[in-house]
Amino acid sequence: MKTKLTLIIFLVVASFGFAQTTKTENVILITLDGMRWQEVFGGAERRLIAKKFVSDTSGLLKTFWAEKPESRREKLMPFFWNTVAKQGQLYGNRNLGNKVNTSNKMWFSYPGYNEILCGFADDEKITSNDPTDNPNKNVLEFLQMQKKFAGKVSAFTSWETFPWIINTKRSGVPVNAGLMKVENNPTDSEKLLNQLLFQQPNITGGTRVDALTFYYAMEELKKNKPKVMFISFDETDHWAHEGEYDKYLHAANYTDGFVHTLWEWLQSQPQYRNKTTLILTTDHGRGKVNDEDWKHHGAKMSYADEIWFAFLGPDTPSTGEMKGDQQLYQNQVAKTLATFLNVDYSSNKPIGQVISTAIAK
């Protein structure tokens with residue numbers, strides 16, 4: 001009898017995917033575009049708090065500087081270090097031997113987001129940031145096709161290129177990006193955001209400020225209760241390219257505040273409380289050889305493939321900073337995200353494996 005029962009369980013799992021083994025029912029993937037691991041793990045960098053990169057050196061030192069890196073990083077990203085580091089896991093502090101890299105060789109945004117979302121690099125087809133439809137299917141699309149998640153997957157991004165990266169025409173995943181209004185039965189708050197959208201400073205082209213992206217995403221959570229959401233912030237990358245280190249640090253700081261507000265709200269809602277995992281990462285790193293290199297990235301900029309991960313949720317052991325010799329890659333995010341939801345993500349191309357240490361057995 002035991003043998004028959006075991007066989008039945010095996011066949012059910014084989015037919016429908018993973019057995020229910022995690023507490024996570026919702027996942028929110030968050031990216032801080034071009035956010036360096038150096039600031040994430042070490043806070044403000046003294047050599048860059050210079051007059052050529054900062055308009056008010058003394059003010060910035062007062063706000064973000066401390067002698068110890070542990071104090072500096074907490075000043076810069078207090079939620080990250082007071083909550084995520086204590087209740088979740090952080091990967092990518094190379095000073096502790098923990099390494100995370102892109103596997104793509106491009107080291108800029110579209111290839112990085114393709115790798116995060118699809119689970120593999122595509123250095124043959126994804127070679128620019130041009131708004132062209134991504135031929136590769138991604139984990140959001142894969143989940144959208146599952147009955148349990150149909151109509152419960154969405155994306156809110158500051159950078160306007162994401163409808164092409166996610167290929168919303170094919171995938172059916174709704175993407176609100178750049179200067180796009182919410183048109184479908186907007187709430188009063190969404191109507192206000194729609195007005196503010198065209199009263200904001202024009203940072204660059206069709207990209208919007210991150211505060212609007214955040215509050216659009218919050219309204220979606222309140223209104224439609226998605227189970228999977230992707231939120232992509234952009235200002236850290238923008239201000240780095242502009243060479244304005246003070247604004248780069250401030251962007252990292254207030255984005256950390258957005259994540260704090262999000263987490264507190266999630267923990268106040270029955271659908272999300274103790275049932276939601278946050279994944280935080282970045283699309284690429286930045287150079288670090290010369291003083292000017294922090295502004296740049298790309299294949300010709302050494303070290304721009306160095307990135308980081310963070311996980312917070314009911315299935316992630318609270319081990320904080322991961323130490324010791326470990327090598328992880330950006331292509332592991334997609335399958336790990338799906339595994340939190342008890343879904344076995346697969347593709348027509350080899351994908352990165354689950355980050356097993358992030359999910360309790």
Side-chain angles (χ1 to χ4, degrees), residues 28-41 43-45 48-49 53-56 59-60 63-64 73 75-80 84 107-110 112-113 116 129 131 155-163 165 175-180 193 196-219 229-263 278-287 293-298 304 307-308 310:
I28 300 180
L29 170 64
I30 301 170
T31 58
L32 284 68
D33 198 298
M35 182 70 199
R36 302 196 316 158
W37 70 267
Q38 288 91 336
E39 281 82 19
V40 170
F41 292 101
E45 192 167 344
L48 298 179
I49 304 178
F53 298 135
V54 172
S55 59
D56 180 6
L60 197 69
T63 303
F64 293 122
R73 67 194 190 184
K75 279 190 167 189
L76 182 65
M77 302 177 76
F79 175 73
F80 198 89
V84 183
W107 306 353
F108 58 87
S109 290
Y110 197 145
Y113 289 117
I116 291 169
N129 280 336
F156 287 80
T157 72
S158 296
W159 190 31
E160 69 272 21
T161 306
F162 273 101
I165 296 173
V175 182
N176 181 280
L179 303 181
M180 292 174 59
L193 291 170
L196 292 173
L197 188 62
F198 296 97
Q199 298 169 351
Q200 62 164 326
N202 191 334
I203 289 184
T204 174
T207 301
R208 68 182 169 208
V209 297
D210 288 337
L212 292 178
T213 293
F214 173 68
Y215 288 109
Y216 271 126
M218 287 297 299
E219 284 303 302
M229 179 178 277
F230 173 47
I231 306 174
S232 182
F233 298 111
D234 186 76
E235 288 182 44
T236 43
D237 187 67
H238 171 75
W239 294 121
H241 281 303
E242 293 294 307
E244 299 192 49
Y245 193 61
D246 46 357
K247 292 180 180 178
Y248 166 80
L249 293 179
H250 282 295
N253 179 254
Y254 56 68
T255 303
D256 178 81
F258 294 152
V259 181
H260 185 185
T261 300
L262 168 65
W263 184 249
L278 298 186
I279 302 174
L280 297 96
T281 188
T282 188
D283 53 334
H284 55 73
R286 316 195 80 85
D293 289 355
W294 76 276
K295 298 189 294 184
H296 309 297
H297 56 88
I307 59 169
W308 52 273

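As the structure is a computational prediction, the values presented were derived from the model and not from experiment.
With hydrogens and angles disregarded, a donor-acceptor distance shorter than 3.5 Å links the side chain of Trp308 to the backbone of Met35. Judged by distance alone, with hydrogens and angles left aside, the side-chain atoms of Asp256 form a donor-acceptor pair with the main-chain N or O of Phe79 at under 3.5 Å. Side-chain atoms of Glu160 come within 3.5 Å of backbone N or O of Thr207 as a donor-acceptor pair. Asn253 places a side-chain N or O within 3.5 Å of a backbone atom of Leu76 that can act as its donor or acceptor partner. Side-chain atoms of His297 come within 3.5 Å of backbone atoms of Trp107 as a donor-acceptor pair (strictly under, hydrogens ignored). Asp33 places no side-chain N or O within donor-acceptor distance of the main-chain N or O of Ser109, the cut-off being under 3.5 Å. For the pair Asp210 (side chain) and Phe233 (backbone), a donor-acceptor distance under 3.5 Å is absent. Within the 3.5 Å criterion, the main-chain N or O of Leu32 finds a donor-acceptor partner in the side chain of Thr282.
Note: Tyr248 OH to Glu39 CD = 3.5 Å, rounded to the nearest 0.5 Å. Interatomic distance, Leu262 CG to Ile28 CD1, rounded to the nearest 0.5 Å: 4.5 Å. Between the CH2 atom of Trp294 and the CD atom of Gln38 there is a distance of 12.0 Å, given to the nearest 0.5 Å. How far CE of Met180 is from CG of Leu212: 14.0 Å, rounded to the nearest 0.5 Å. Rounded to the nearest 0.5 angstrom, Met77 CE and Tyr254 OH are separated by 12.5 Å. The CZ atom of Phe214 sits 10.5 Å away from atom CD of Glu219, with the distance rounded to the nearest 0.5 Å.
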**Q.** Chi angles and distances behind the side-chain hydrogen bond (donor to acceptor under 3.5 Å, both in side chains) call for Asp283, Thr31
**A.** CA-CA 7 Å; Asp283 53 334; Thr31 58; over 6 Å; no
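When the salt bridge (charged side-chain N to carboxylate O under 4.0 Å, His left out) test is applied to Asp237, the partners found at least two apart in sequence or on another chain are Arg286. Partners of Glu242 by side-chain contact (heavy atoms from CB on, under 4.5 Å), not counting sequence neighbours, listed by chain and number: His238, Trp239, Glu244.
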